[in-house]
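In what follows, every chain begins at residue 1, and chains take the letters A, B, ... in the order their sequences are listed.
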Protein chains: 2
Amino acid sequence: MKLTEAKQQFISSWGAFGTQWGINRTMAQIHALLLVSPDPITQDDIMEQLSISRGNVNMNIRDLISWNLVERVILPGERKEYFTAEKDIWKVATQIIRERKKRELDPMLKLLGQLEDVDGDKKDKETKQFVEMIGSIKKLGNHADKVLDVLIKAEENWFTGSLLKVFK
Amino acid sequence: MKLTEAKQQFISSWGAFGTQWGINRTMAQIHALLLVSPDPITQDDIMEQLSISRGNVNMNIRDLISWNLVERVILPGERKEYFTAEKDIWKVATQIIRERKKRELDPMLKLLGQLEDVDGDKKDKETKQFVEMIGSIKKLGNHADKVLDVLIKAEENWFTGSLLKVFK
DNA sequence: CTGAACTTTCAAAATTTATTGAAAATAATT
DNA sequence: AATTATTTTCAATAAATTTTGAAAGTTCAG
């Protein structure tokens, strides 16, 4: 397979994959493009390669930056801004985990804490089921929180496969 | 907080949470409703409680069934079908992991395998970056695959917290 | 300061995704 | 086999999300 074709395929699939995970297709595609670009590129490069508008590139790049997956690069002597993505894929993964934990898991746990104490008779079947369910989801959430922390900290070993031994 | 209000809050937040993960809001809400319903309920119950149409309930319930999170229950002497959700939240979590792995991770790994060998000079910067990136994403994917398998099999211990010790 | 180069914003338009509801299909009852 | 209850389908519609592009904002060289 030719590079151009493979790249195209990768970007498009990465976009589709992203949408399944609640990530804007274009944002995922820009990320994919940056991942396979050895050097920093400009907004115009992205516009051209993905055939999307300037506004779209700008908004999604800013979003990627807020996820700490992409950064602005100022090349000396150049007027334009360049962008580059973190290339260490394990760092990418842990960063995404970290952010989603912060943005989604933490708020959810906070909510569950609030819902935990409803007034009413614990003997009532409906109340009992509700309280128990909230409690066990909260417990699962806290568990996930800890497991993910361990994962994030295991950073160094993943590539060699030594994490899994510890893990098991 | 009153039960009705708490339930409402839970269902609505679970729906919002779902959308962030690429899950249809209504599907997540139906799931939430079933999770806190001690007894099986009918399509009409769901329509009424969530104010949604019959067709919508039907499609989303079928989807939930395909994820093995909900099942049909036939009550003796009743004409209508009833539905109930798996209440063991760990089983719910592992089932979701299992399905997403199968539906998303596996196809992605398959694709990456295909993209791995592009023709062209490995000395070329673009080609080199592409091949390396695809390779390391594939490695990460395979790693995740194994880690998730270990997690799924650890089923029995999660509630007591003993998994994490082993994990660490 | 001025003007050119570049970036950001955001209302309107386009696209994608979800929902409705009525008709068709299916299943149970008499 | 006809009637009734219930479920399923799916084209049309509605809602949500994404994208555009032009105007406003910013930055910087001269």
Side-chain angles (χ1 to χ4, degrees), chain A residues 11-34 40-67 70-84 103-104, chain B residues 11-34 40-67 69-85 103-104:
Chain A
I11 290 169
S12 137
S13 304
W14 202 248
F17 194 63
T19 55
Q20 295 191 295
W21 284 84
I23 290 147
N24 175 303
R25 187 192 315 279
T26 301
M27 178 168 149
Q29 288 184 348
I30 294 176
H31 190 216
L33 173 60
L34 286 167
I41 60 179
T42 64
Q43 286 201 356
D44 294 82
D45 295 331
I46 298 170
M47 285 169 65
E48 195 191 334
Q49 295 217 41
L50 304 181
S51 317
I52 56 180
S53 72
R54 181 175 306 284
N56 199 0
V57 172
N58 194 275
M59 286 178 124
N60 283 111
I61 276 277
R62 284 152 62 64
D63 218 343
L64 283 165
I65 290 174
S66 84
W67 281 78
V70 167
E71 51 172 36
R72 259 172 242 279
V73 176
I74 307 296
L75 295 190
E78 290 267 9
R79 188 76 177 273
K80 279 184 179 170
E81 289 178 338
Y82 283 72
F83 299 94
T84 188
R103 297 178 187 206
E104 294 154 26
Chain B
I11 290 170
S12 138
S13 305
W14 204 248
F17 193 64
T19 55
Q20 295 191 295
W21 285 85
I23 290 146
N24 176 302
R25 188 193 314 279
T26 301
M27 180 169 146
Q29 288 184 349
I30 293 175
H31 190 215
L33 173 60
L34 286 167
I41 60 179
T42 64
Q43 287 201 356
D44 294 82
D45 294 330
I46 298 170
M47 287 168 65
E48 195 192 335
Q49 295 217 41
L50 305 181
S51 317
I52 55 180
S53 73
R54 182 175 306 284
N56 199 1
V57 172
N58 193 275
M59 287 178 123
N60 283 109
I61 275 279
R62 282 152 64 64
D63 217 343
L64 283 164
I65 290 172
S66 84
W67 281 77
L69 298 172
V70 167
E71 53 172 36
R72 260 171 241 278
V73 176
I74 307 295
L75 295 191
E78 290 268 10
R79 189 79 177 268
K80 281 184 178 169
E81 288 178 337
Y82 284 72
F83 300 95
T84 187
R103 297 178 186 206
E104 294 154 25

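Note that CD of A/Gln49 and CD1 of A/Ile11 are 6.5 Å apart. Values are rounded to the nearest 0.5 Å. Once rounded to the nearest 0.5 Å, the distance linking CE of A/Met47 with OG1 of A/Thr42 reads 9.0 Å. Interatomic distance, CE of B/Met27 versus CE of B/Met59, reported as 13.0 Å (0.5 Å rounding).
For the pair A/Ile74 CD1 and D/dA29 P, the interatomic distance rounds to 12 Å; values are reported in whole Å. In this structure, B/Asp45 places its CG atom 11 Å from P of D/dT7, rounding to the nearest Å. In this structure, NZ of A/Lys80 is placed 18 Å from P of D/dT27, rounded to the nearest angstrom. Going from atom CD1 of B/Ile65 over to atom C1' of D/dT7 covers 12 Å, rounded to whole Å. Nucleotide D/dA5 holds its C1' atom 16 Å from the CG atom of B/Leu75, rounded to whole Å. Rounding to whole angstrom units, CG of residue A/Asn60 and P of C/dT7 are separated by 16 Å. For the pair A/Tyr82 OH and C/dA5 C1', the computed distance is 13 Å after rounding to whole Å. In this structure, CG of B/Asp63 is placed 17 Å from C1' of D/dT7, rounded to the nearest angstrom.
A/Ile65 is linked by a side chain to side chain contact (heavy atoms under 4.5 Å, CB included) to A/Ile61, A/Val70, A/Arg72, A/Phe83, counting only residues two or more places apart in sequence or in another chain. Considering only residues two or more places apart in sequence or on other chains, A/Ser12 meets the side chain to side chain contact (heavy atoms under 4.5 Å, CB included) condition with none of them. Taking the side chain to side chain contact (heavy atoms under 4.5 Å, CB included) definition, one finds that A/Glu104 meets it with A/Arg100, B/Phe17, B/Gln20, B/Trp21, sequence neighbours left out. Every residue meeting the side chain to side chain contact (heavy atoms under 4.5 Å, CB included) condition with B/Ser13, not counting sequence neighbours, appears here in chain and number order: A/Leu111, B/Gln9. Among residues two or more places apart in sequence or in another chain, the salt bridge (Lys or Arg N to Asp or Glu O under 4.0 Å) test is passed with B/Arg103 by B/Glu99.
For the residue pair A/Gly15 and A/Ala28, the shortest heavy atom distance occurs at CA-CB, 3.9 Å. Smallest separation of non-hydrogen atoms from A/Ala32 and A/Trp14: CB-CD1, 3.6 Å.
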State the dot-bracket string of DNA chain C. Criteria: Watson-Crick or G-U wobble, both atom distances under 3.5 angstrom; notation: ( ) intrastrand, [ ] crossing earlier pairs, | interstrand, . unpaired. ||||||||||||||||||||||||||||||
Just by protein heavy atoms under 4.0 Å, how would nucleotides 24-30 of chain C read 5' to 3' in B, S and -? ---BBS-
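Of all the residues in residues 47-59 of chain B, B/Arg54, B/Gly55, B/Asn58, B/Met59 reach under 4.0 Å from DNA chain D with at least one non-hydrogen atom. For residues 16-25 of chain A, proximity to DNA chain C is found at A/Arg25, defined as any non-hydrogen atom under 4.0 angstrom from a strand atom.
Of the candidates D/dT19, D/dT8, D/dT6, D/dT8 carries the atom nearest the B/Arg62 side chain, counting heavy atoms from C-beta on.
The side-chain contact (heavy atoms from CB on, under 4.5 Å) test with A/Ile30 is passed by exactly one of A/Asn60, A/Asp63, A/Ile41: A/Asn60.
Heavy-atom contacts from other residues, nucleotides or ligands closer than 6.0 Å to CD of A/Glu71 number 12 or fewer.
Residue pairs meeting the side chain to side chain donor-acceptor pair (under 3.5 Å) criterion with at least one member in residues 24-33 of chain A: none, sequence neighbours excluded. Pairs passing the salt bridge (charged side-chain N to carboxylate O under 4.0 Å, His left out) check and including a residue from residues 45-59 of chain A, sequence neighbours excluded, read A/Asp44-A/Arg54.
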